[in-house]
Enquirer: 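Here it is, the structure, as C-alpha cells.
In this text, all values refer to a predicted model and were calculated from it rather than measured experimentally. Worth knowing before you read on, the calculation uses all heavy atoms, side chains too, and leaves out hydrogens, waters and symmetry mates.
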There are 2 protein chains.
Amino acid sequence: MAFMTLPTPASVPSAARDLPHPATAEIRLEEVLHALSDPMRLIVVRNLAAAATEVACSEVPLPVSKSTTTHHFRVLREAGVISQIYRGTSKMNALRRADLEALFPGLLDRVLDAAERQAVRLGG
Amino acid sequence: MAFMTLPTPASVPSAARDLPHPATAEIRLEEVLHALSDPMRLIVVRNLAAAATEVACSEVPLPVSKSTTTHHFRVLREAGVISQIYRGTSKMNALRRADLEALFPGLLDRVLDAAERQAVRLGG
DNA sequence: GCCGTACTACGGTGTCTATCGTAGAAACCG
DNA sequence: CGGTTTCTACGATAGACACCGTAGTACGGC
C-alpha cells in the first residue's frame, strides 16, 4: 500500500473532502423558502449578504451550539442557497446569488429587504 | 337567557363563527416563508393569486384529503398570508396582498413569479 | 510529531407537522 | 323537517427537525 505517501498527483484536487451541492437546475423553490424560514438561517443569509467576501462558519455568531450551526449551514447548502468550500481548517460560505437570480429573479433581494425591514420594525 | 333568540343586533356580526387572524403588525417573515414552503400551500396561494374574486376552499383542488386541506388553509391564515370568512356553507379565502405588500414590498409577487417559472421549467 | 483550531458525524430528545379517517357542526335547499 | 354540501375538530401515526453533547477528523503551526 504505497499510495499513502504518494506526492499528491495532479488528478487529486487540493481539497480532500468535497461537499455536495445541488446543480442550479435542481434547486427547488419550496426548499429555498423552507431554508429561509428559520430564524437562525435567516441570520446566516443576512450576514453572508452583508459581507463583501466569503465568510467562515465561525464568523457568523449564532445563539446555538456548534453542531447546530453546522446543521443550519448544511440545510442552506443542500437547498442551494449557499456554496461551501473547505479552505484550510475553515469552511468558507457564500450566497449563490447568480444561481438564485437566474432561477427566481428578485426573490433573494426581496427576502433580504423584508428581513431588514422586520428587524428595524421589531426593535432596530 | 333571552339572548338566544335576539334579532341579531348591530353589535353582533352575521357570522356566528369568527376566525382569528393575526394583525398586520403581528405577521412574521419567518412564518410567512414557512407557510409558503409547502407544495400544497403554494398551490393554494397561486390559485388565490390567479383568481379575480375570493375563492372557496373546495375550489382549490389539492391531492390530499379534506381535513389536510383544512389544515393547510389554517396554516396560511395563521401566518397572515390569507384571510378567511364564512359565507354560507363555504369559507371564502383571499390573499392579504395589501398587508404583505406593506410589510414586505415585492415579496409575494416575487414568490409567485418564482413559482410560475419553476412550474414552467419543470414540465410546463 | 504534537497541539490547537474548525468543523463534522453520531446518537438522543422533545417538538412540530403532514397526513389520514371518522364523526359532527353550520348553513342552505327542497 | 330532512337531506345535501362544506368545512371542522379529534385522535392517531409516521416522519421531519432543531437542538444538544461527545467523540473524532482534517488541517496548519510549532
Enquirer: Give the rounded distance in Å between these two atoms: CD1 of I85(B) and C1' of dA27(C).
Expert: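 About 14 Å, once rounded to whole Å.
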Enquirer: Would you say the side chain of S65(A) and the base of dG21(D) hold a donor-acceptor pair, judged only by whether the two atoms sit under 3.5 Å apart?
Expert: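 Looking at the base of dG21(D), it does not pair with any donor or acceptor on the side chain of S65(A) (distance under 3.5 Å).
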Enquirer: I'd like to know if the side chain of N47(A) and the backbone of V60(A) have a donor-acceptor N/O pair within less than 3.5 Å.
Expert: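 Such a contact is absent between N47(A) side chain and V60(A) backbone.
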Enquirer: What is the distance, rounded to the nearest whole Å, between atom CD of E31(B) and atom C1' of dT17(C)?
Expert: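 Rounded to the whole Å, the gap is 14 Å.
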Enquirer: How far apart are the C-alpha atoms of D109(A) and R97(A), what are their side-chain angles, what is the distance that settles it, and do they pass the salt bridge (Lys or Arg N to Asp or Glu O under 4.0 Å) test?
Expert: CA-CA 9 Å; D109(A) 285 333; R97(A) 275 193 174 279; 3.2 Å; yes
Enquirer: So what does R87(B) hit on the nucleic acid, given a heavy-atom distance under 4.0 Å: a base, only sugar-phosphate, or nothing?
Expert: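 It contacts nothing in the nucleic acid.
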Enquirer: Do the side chains of L42(A) and V111(A) get nearer than 4.5 Å, heavy atoms only?
Expert: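 Result yes, sub-4.5 Å side-chain heavy-atom pair found.
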Enquirer: Can you measure D38(A) atom CG to dC16(C) atom P for me and round it to whole angstrom units?
Expert: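 After rounding, the reported distance stands at 14 Å.
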Enquirer: The criterion is side chain to side chain contact (heavy atoms under 4.5 Å, CB included); which residues satisfy it with Q118(B), sequence neighbours excluded?
Expert: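 Testing Q118(B) for side chain to side chain contact (heavy atoms under 4.5 Å, CB included), a comparison that skips the adjacent residues, returns R28(A), L29(A), E30(A), F104(A), R121(B), L122(B).
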Enquirer: Starting at the 5' end of DNA chain D and moving along, which residue's nearest nucleotide shows up first, V64(A) or N93(B)?
Expert: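 Looking at DNA chain D, the more 5' nearest nucleotide goes with N93(B).
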Enquirer: I'd like to know if the side chain of S67(A) pairs up with that of T70(A) as donor and acceptor (distance under 3.5 Å, no hydrogens or angles considered).
Expert: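 The answer is no; no qualifying pair exists.
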Enquirer: Find the distance R77(B):CZ to dC7(D):P and express it as a whole number of Å.
Expert: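 Those two atoms, CZ and P, are 13 Å apart.
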Enquirer: Write down the distance between CZ (R74(B)) and C1' (dC10(D)), rounded to a whole number of angstrom.
Expert: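 My rounded result for the distance is 11 Å.
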Enquirer: Within the 4.0 Å heavy-atom criterion, would you say T68(B) contacts the bases, only the backbone, or no part of the nucleic acid?
Expert: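 Base, at least one base heavy atom under 4.0 Å.
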Enquirer: If I take atom NE2 in residue H71(B) and atom P in nucleotide dC7(D), what distance separates them, rounded to the nearest angstrom?
Expert: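 Those two atoms, NE2 and P, are 17 Å apart.
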Enquirer: How close or far is atom P of dA9(C) from atom CG of L19(A), stated in whole angstroms?
Expert: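 Computing the L19(A):CG to dA9(C):P distance gives 9 Å.
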Enquirer: Hey, does S58(A) reach any base, or is it just sugar-phosphate, or nothing, if we go heavy atoms under 4.0 Å?
Expert: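 Sugar-phosphate only.
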Enquirer: Take atom NZ of K66(B) and atom P of dT6(D), then tell me their distance rounded to the nearest Å.
Expert: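 About 7 Å, once rounded to whole Å.
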Enquirer: Contact class for T70(A) (heavy atom, under 4.0 Å): base, sugar-phosphate, or nothing?
Expert: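 Answer is base: heavy atoms of T70(A) come under 4.0 Å of a base.
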Enquirer: Once you apply a heavy-atom cut-off of 4.0 Å, does H72(B) come out as touching a base, just sugar-phosphate, or nothing?
Expert: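 Sugar-phosphate, no base atom in range.
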Enquirer: Quick check for you: among dA18(C), dC7(C), dA9(C), whose closest atom lies nearest to any side-chain atom of S67(A)?
Expert: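 So the nucleotide nearest the side chain must be dA9(C).
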Enquirer: Does T89(A) make a side-chain donor-acceptor contact with the base of dG28(D), cut-off 3.5 Å?
Expert: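 Flag unset: no donor-acceptor pair detected.
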